[in-house]
Protein chains: 2
Amino acid sequence: MTELFLSRKHQVMEIAAAHGLNPGAMNALLFLQPGEPCSMRTLADAWKCDASNVTWLVDRLEEHGLAERRPHPTDRRVRTVALTRKGTKTRAQIESKLFEAPASVRDLSEHDLETLDRILRKLAPSPETLS
Amino acid sequence: MTELFLSRKHQVMEIAAAHGLNPGAMNALLFLQPGEPCSMRTLADAWKCDASNVTWLVDRLEEHGLAERRPHPTDRRVRTVALTRKGTKTRAQIESKLFEAPASVRDLSEHDLETLDRILRKLAPSPETLS
DNA sequence: TATTGTTATACTCTATAACTATA
DNA sequence: TATAGTTATAGAGTATAACAATA
């Protein structure tokens with residue numbers, strides 16, 4: 001079990017490094033939704049980290065041209081963070097790598113996969129199935 | 001999915017902090033097997049980190065009285081790391097917390113649990129089932 | 001000559017505190 | 001007065017390089 005946990009950690013770090021990002025910045029990128037700019041404060045709450053750390057992480061994303069700060073339309077204190085075109089593309093690439101099924105899962109039979117899907121949905125209901 | 005990954009990360013950090021350990025030191029503790037001392041070099045390879053970092057992590061474990069350095073019986077260059085009695089006990093406590101089934105899993109029916117077990121065994125075969 | 005482990009040191013990531021600007 | 005974000009700074013954790021002891 002520890003093995004599995006650790007290998008996942010290393011896999012995540014490798015995917016991040018392949019794009020020149022640290023794991024924190026990669027998570028930041030994944031949290032941002034295309035076309036939905038997000039305030040720094042929201043990001044700090046979502047990532048359960050300090051606001052100053054968000055400043056640093058968003059700086060990293062901006063350096064890579066993946067995101068950009070924009071003024072908030074009504075509250076001039078707020079700066080929103082939006083994905084750039086490059087950021088949207090990179091985010092999609094990372095997501096597909098990160099959630100790609102490992103070989104052992106792809107080797108499961110169609111029947112096993114459907115059963116697995118049915119049971120796992122009980123563990124982590126998608127937003128659509130929540131009341 | 002990202003949510004799940006992050007919440008797991010925070011859970012792991014909380015369990016480590018409850019024992020005054022950082023996540024790295026906790027992983028170190030979990031890797032050590034009672035009655036099976038392990039060289040520093042082996043640990044560095046296992047955790048894919050630098051040897052100097054192992055020195056630091058084992059220092060943390062020794063400070064907490066969880067592990068101790070011992071000479072290698074034949075190679076005087078090598079220092080092995082062994083769990084103390086306290087380390088063995090703490091390790092067991094952490095392991096049970098870390099791998100405790102979440103409420104959503106405990107709520108599954110007996111039948112679903114058996115099915116899940118059958119399918120998951122195909123993904124991560126235990127050492128016994130490996131050829 | 002190669003390997004094990006440690007020390008000295010620097011770098012990355014994160015948090016705390018003080019600050020500016022808005023609300 | 002409270003909140004959003006930044007800057008300055010300190011701390012934890014990790015890596016690199018140089019070193020001593022041993023193989």
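Everything quoted here is computed from the prediction, not taken from an experiment.
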For atom CH2 of B:Trp47 and atom P of D:dG13, their distance in whole Å: 14 Å
Got a donor-acceptor pair under 3.5 Å from the side chain of B:Ser52 to the base of D:dT16? yes
To the nearest angstrom, how far is A:Asp50 atom CG from C:dC13 atom C1'? 12 Å
Ion pair present between A:Arg69 and A:Asp59, side-chain N to carboxylate O less than 4.0 angstrom? yes
Side-chain contact check for A:Trp56: nearest option of C:dT14, C:dG5, D:dA15 is C:dT14
Return no unless some side-chain N or O of B:Asn53 is found under 4.0 Å from OP1 or OP2 of D:dA15. yes
From NZ of A:Lys9 across to P of C:dC13 the rounded distance in Å is 13 Å
Any Lys/Arg nitrogen of A:Glu114 or A:Arg118 sitting under 4.0 Å from an Asp/Glu carboxylate oxygen of the other? no
Mapping B:Pro23 and A:Arg79 onto DNA chain D by nearest heavy atom, which one lands closer to the 5' end? A:Arg79
Can you tell me if B:His64 uses its side chain to pair, donor with acceptor, with the backbone of B:Leu66 under 3.5 Å? no
Under 4.0 Å: is that the gap between some side-chain N or O of B:Asn22 and OP1 or OP2 of D:dA12? no
Using modelled atom types only, decide if a donor and an acceptor are shared between the side chain of B:Thr84 and the backbone of B:Gly65 within a distance under 3.5 Å. yes
So, OP1 or OP2 of C:dT6: does either fall under 4.0 Å of a side-chain N or O from B:Thr55? yes
Nearest whole angstrom, please: distance from the P of C:dT14 to the CG of A:Leu43. 14 Å
Tell me whether A:Thr90 contacts the main-chain N or O of A:Gly87 through its side chain, where contact means a donor paired with an acceptor under 3.5 Å. no
Expressed as a whole number of angstroms, how long is the span from A:Asn27:CG to C:dC13:P? 13 Å
Contact residues, residues 57-77 of chain A to DNA chain D [heavy atom, < 4.0 Å]: A:Arg69, A:Arg77
Look at the side chain of B:Val78 and decide which nucleotide, out of D:dA4, C:dT4, C:dT16, has an atom nearest to it. C:dT4
Please determine, by modelled atom types, if A:Ser39 and A:Thr42 share a side-chain donor-acceptor pair under 3.5 angstrom. yes
Could you tell me whether B:Arg70 and B:Glu68 make a salt bridge, using a distance below 4.0 angstrom between a side-chain N and a carboxylate O? yes
Just how far, in rounded Å, is C1' of D:dT14 from NZ of B:Lys48? 16 Å
Return the value, rounded to whole Å, for the distance between atom CE of A:Met13 and atom P of D:dA15. 8 Å
Taking the nucleotide of DNA chain C with the nearest heavy atom to each, does A:Leu21 or B:Ser39 sit closer to the 5' end? B:Ser39
